[in-house]
Amino acid sequence: MAASAIISIGAYAPSRVVTNDDLSKIMDTSDEWIRTRTGIHQRHMALAEETTASMSFNAAQAALDTATMDAADLDWILLCTDTPEMWTPATACFVQESLHAKRASAIDLTGGCAGFLQTLELADAVAKTGKIVMVIGTELLTRSMDWSDRSTAVLFGDGAGAVIVAPDRGQGIQLTHSRTYSDGSQTDILQKPYGGTRNPIPPEIVAHGGHHRIHMEGRKVFRHAVQRMSQSAREILTDVKLPVDAVDWIVPHQANQRILTAVADALHIPMNKVFSHVQNYANTGSASIILALADMFEQDLILPRQRLISVAFGAGFSWGSAVWTVQSLPPTRFIGRDQ
Ligand code: ACO
């Protein structure tokens, strides 16, 4: 069967860095608590003049420039985010205009932290018809955060990633196999309840930012995340008939270090095969896997012919895994990367 491949990667992290100590000045928390519970040391936070679309444009343009491709070659822009530019139109349309991607059809998707893998699965299907797709995973989570809620505010950061997906011609990262899932019976465990049609925003809570509150039952999310990510990784490896030790790298959604360690333990995979930079960027939702991939390629950690497995879990719940085969190193540019 025809396949598709990632032929270029762009990523963007804002220049402002906020440490755990910085947060401890505005809320009742500590560097020690955050590091111990999550592994996070700092996060990147968008500047006042930045928006989801501007960060996405930076990542997408980087992916085009590094591959010396023209935006006019794009057939689709699929942009995944939980923090859109505005309710309507789609953030992808703002990015299309900034890129001058005049031929591209542009649409947003929302999938929580598993959104990138879900969107990539759709891009794979489109690219197999001969089209070129820009997939963007992007979040500006710190702007719509309830800063009075220390249990969620410390977990997230901002960033944008973009990959160009094209019919497989033996270059870049082949999207070998993908399986994603959702379980809508669990929507109450992790949600941002206000602002949609179900719960219009109560005026009395706007003043203190309460309408941005993320309702999260942290321990349940933790348990489901570990179980679903490890189970889906096992399933996809069975599908492609690969033993766990044939995997060179796990490129997981960067939720927090304890989740990554627990998934590695469940799969009996040594931690030196599990990429993590959550200490620098925190949880960047839909962007996190692309930021991780871009960081790995810029650090020359991934070699041709290696096999990667990516796993993700997030609100919905939605989760899944993908197996990727590195055919050649894709051109990669990560703007704002921590050295
Ligand atoms: N600083 C200091 N104390 C805090 C903070 C904070 N930032 N946040 C909570 N606490 C306190 C709590 O109030 C509680 O105090 P109490 O015992 O006096 O009541 C205490 O710390 C323990 O709170 P718990 O919630 O039980 O702490 P836990 O060990 O479960 O860790 C955490 C919390 C880190 C959120 C954990 O449950 C977790 O990692 N869950 C997964 C959440 C996640 O990753 N969500 C992201 C979206 S989904 C995804 O990406 C997979």
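Atoms within a ligand are numbered from 1 in the order they appear, just like the ligands themselves.
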- Item | Pair Thr19-Gln42, side-chain hydrogen bond (donor to acceptor under 3.5 Å, both in side chains): steps then yes or no | CA-CA 4 Å; Thr19 65; Gln42 61 173 46; over 6 Å; no
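- The existence of a salt bridge linking Arg43 and Asp158 is excluded, since no basic side-chain nitrogen approaches an acidic carboxylate oxygen closer than 4.0 Å.
- A donor-acceptor pair shorter than 3.5 Å can be found between the side chains of Thr325 and Thr176.
- Taking each heavy atom of Thr187 and Gly316 in turn, the nearest pair found is CG2-O, 3.3 Å.
- Less than 4.0 angstrom separates atom 25 (O) of ligand 1 from none of the non-hydrogen atoms of the protein.
- With a 4.0 Å heavy-atom cut-off, ligand 1 is reached by no atom of Thr152.
- Contact annotation: for Asn283 versus ligand 1, heavy atoms closer than 4.0 Å belong to the side chain alone.
- Scanning all protein heavy atoms for the shortest distance to atom 41 (C) of ligand 1 gives Gly218 O, 3.5 Å.
- For atom 9 (C) of ligand 1, the closest non-hydrogen atom of the protein is Trp33 CZ2, 3.5 Å.
- Distances from atom 18 (O) of ligand 1 to the protein include no heavy-atom value under 4.0 Å.
- Shown here, atom 2 (C) of ligand 1 is in close reach of the protein: a heavy atom of it lies under 4.0 Å off.
- Among the atoms of Gly314, none of the N or O lies under 3.5 angstrom from an N or O of ligand 1.
- Looking at Thr38 next to ligand 1, no N or O pair under 3.5 Å apart turns up.
- In the model, Ser276 has a side-chain atom that pairs as donor or acceptor with a side-chain atom of Gln257 under 3.5 Å.
- Ligand-side atoms of ligand 1 in range of Phe313: 49 (C), 50 (O), 51 (C), range being under 4.0 angstrom from any heavy atom.
- Under the 4.0 Å criterion applied to side-chain N and carboxylate O atoms, Arg37 and Glu32 are not assigned as salt-bridge partners.
- In terms of protein heavy-atom proximity, atom 22 (C) of ligand 1 is closest to Arg37 NH2, 3.7 Å.
- Protein heavy atom at the shortest distance from atom 6 (C) of ligand 1 is Thr29 OG1, 3.3 Å.
- When hydrogens are left out, the protein atom nearest atom 48 (S) of ligand 1 is Leu190 CD2, 3.5 Å; that is the closest non-hydrogen contact.
- With salt bridges taken as basic N to acidic carboxylate O contacts below 4.0 Å, one links Asp183 and Arg228.
- Side chains of Gln118 and Thr180: a donor-acceptor N/O pair is absent below 3.5 angstrom, by distance only.
- Heavy-atom contacts from other residues, nucleotides or ligands closer than 6.0 Å to CD of Glu97 number 12 or fewer.
- Within ligand 1, counting atoms from 1 as listed, the ones closer than 4.0 Å to a heavy atom of Val154 are 7 (N).
- Each of the following atoms of ligand 1 lies closer than 4.0 Å to a heavy atom of Asn256: 38 (C), 39 (O), 44 (O).
- Hydrophobic clustering, with ILVMFWY side chains joined whenever heavy atoms are under 4.5 angstrom apart, keeps Phe94 apart from Met134.
- Within a 4.0 Å radius of atom 50 (O) of ligand 1, the protein contributes one or more non-hydrogen atoms.
- Shown here, atom 32 (C) of ligand 1 is out of close reach of the protein: none of its heavy atoms lies under 4.0 Å off.
- Ranking the protein heavy atoms by distance from atom 30 (O) of ligand 1 puts Arg219 NE, 3.0 Å first.
- For atom 13 (O) of ligand 1, the candidate residues are Arg223, Arg150, Met216, Met27; the nearest heavy-atom contact is made by Arg150.
- Taking a cutoff of 4.0 Å between a charged side-chain nitrogen and a carboxylate oxygen, Asp124 and Lys128 qualify as a salt bridge.
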